[in-house]
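Throughout, a chain's letter reflects where its sequence line sits, starting with A, and its residues are numbered from 1.
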Protein chains: 2
Amino acid sequence: MDITKKERDCIVVIHDNSKPLPLRLSDVAGLMNIKPPTAHELINRLLSKNIIKKERGMITLTDYGNEIYSEIMMAHRTLEIILTRSGVNSDKACTQVEKVDYLMDTSSIEKLLQTIGNPDKCPHGKPVHAV
Amino acid sequence: MDITKKERDCIVVIHDNSKPLPLRLSDVAGLMNIKPPTAHELINRLLSKNIIKKERGMITLTDYGNEIYSEIMMAHRTLEIILTRSGVNSDKACTQVEKVDYLMDTSSIEKLLQTIGNPDKCPHGKPVHAV
DNA sequence: TAAATATTTTAGCATAATACTAATTTATGG
DNA sequence: CCATAAATTAGTATTATGCTAAAATATTTA
């Protein structure tokens, strides 16, 4: 399943801001700096792809959405580690990797991850295999 | 300067097929599997970005276009080497890397390249710093 | 050179992703 | 039940991508 950059960002925003309470459409709009109708459109696309679900206004990732999130994060942290180990500063590494972490196949990323020694922490201290 | 995936592909096609003769619009269309009007549109975008030039129907990269091409190739080969060294097969590495080689900053790629030992050949034997 | 062929360009249209304003509808809370 | 807040719809816009059909240019060749 291919997703766009905005869909990727939306998945990450929903995952990372669902505690203590699940997000509503207006929260997503606020967090993504877009207007509610734009968020509505984006959310509808993610709903139709079965990546998120909405129950009484509460937006959460589906199991499938969580899988996608985990894959994005695995790629993100793997590539981030590779860049920072080469001397790219953390913030720069993060912005660079954000552009590509949702594009590559998990099978290739897994091989990379193994090569760099299966670290369980990324440069920011978050687990490489997030849920 | 940001370019799109199709613009990236067009730059590569123009560079890699300019010998023995420079390409014409219909050649670009043929090589990219798109119809001439679509190629026309794409070529116009690249002309207005000063990436290519057209003289008597002959399409070539500008100096700026060649710079962009070199950066794409440097990123391509750097990432390709990293993937293949992790055990990803050449063809797979290439298709994965094509998705991202035009998106990342050259400064980060240069650091990666240094880390992997500044090889002057990529897995396919082409120089890492192509002109 | 003139006719035939090939190439390029224009016009018109379509889709997907992104984004907005304004208006309407639906919820929620007091 | 009413006021406010949130969500949705309607309408519009832009950029990138892609098409067909037609018109305009070039090029080639007879």
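Across the protein-nucleic acid pair, B/Lys49 atom NZ and D/dT15 atom C1' stand 10 Å apart, rounded to whole Å. Between A/Arg24 atom CZ and D/dT8 atom C1' the separation is 13 Å, expressed in whole Å. Between the CD atom of B/Glu7 and the P atom of D/dT15 there is a distance of 13 Å, rounded to whole Å. D/dA7 atom P lies 10 Å from atom CE of A/Met58, rounded to whole Å. The interatomic distance linking A/Asn44 (CG) with D/dA7 (C1') rounds to 11 Å, in whole Å. We find that CG of A/Asp27 is positioned 8 Å from P of D/dA6, with the value rounded to whole Å. One can place CG of A/Asp2 at 14 Å from C1' of C/dA17, the figure rounded to the nearest angstrom. The nearest whole Å value for the distance from the CZ atom in B/Arg56 to the C1' atom in D/dT25 is 16 Å.
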Between N or O atoms, less than 3.5 Å apart, protein on one side and nucleotides 19-22 of chain C on the other: list the pairs.
residue, atom, partner, partner atom, Å
C/dA19, OP1, A/Lys6, NZ, 3.2
C/dC20, OP2, A/Lys35, N, 2.9
C/dC20, OP2, A/Thr38, OG1, 2.9

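A donor atom on one side chain and an acceptor atom on the other are not found under 3.5 Å apart for B/Tyr102 and B/Asp9. If you check the side chains of A/Thr60 and A/Lys54, you find no donor sitting under 3.5 Å from an acceptor.
Of the listed nucleotides (C/dT28, C/dT10, D/dA16), C/dT10 has the atom at the smallest distance from the side chain of B/His40.
Listed by chain and number, the residues in a salt bridge (charged side-chain N to carboxylate O under 4.0 Å, His left out) with B/Lys99 are A/Asp105 (sequence neighbours excluded). Scanning for salt bridge (charged side-chain N to carboxylate O under 4.0 Å, His left out) contacts around A/Asp27 gives an empty result, with sequence neighbours left out. With sequence neighbours left out, the side chain to side chain donor-acceptor pair (under 3.5 Å) criterion links B/Arg8 to B/Asp101. The side chain to side chain donor-acceptor pair (under 3.5 Å) search around B/Ser108 returns none, not counting sequence neighbours. Every residue meeting the salt bridge (charged side-chain N to carboxylate O under 4.0 Å, His left out) condition with B/Lys49, not counting sequence neighbours, appears here in chain and number order: B/Glu7. Under the side chain to side chain contact (heavy atoms under 4.5 Å, CB included) criterion, B/Pro37 pairs with B/Lys35, not counting sequence neighbours. Qualifying side chain to side chain donor-acceptor pair (under 3.5 Å) partners for B/Thr115, counting only residues two or more places apart in sequence or in other chains: A/Ser86.
Considering only side-chain N and O atoms, B/Ser26 lies under 4.0 angstrom from the phosphate OP1 or OP2 of C/dT8. Look at B/Lys54 and you won't find any side-chain N or O under 4.0 angstrom from OP1 or OP2 of C/dT7.
For residues 98-106 of chain B, proximity to DNA chain D is found at no residue, defined as any non-hydrogen atom under 4.0 angstrom from a strand atom.
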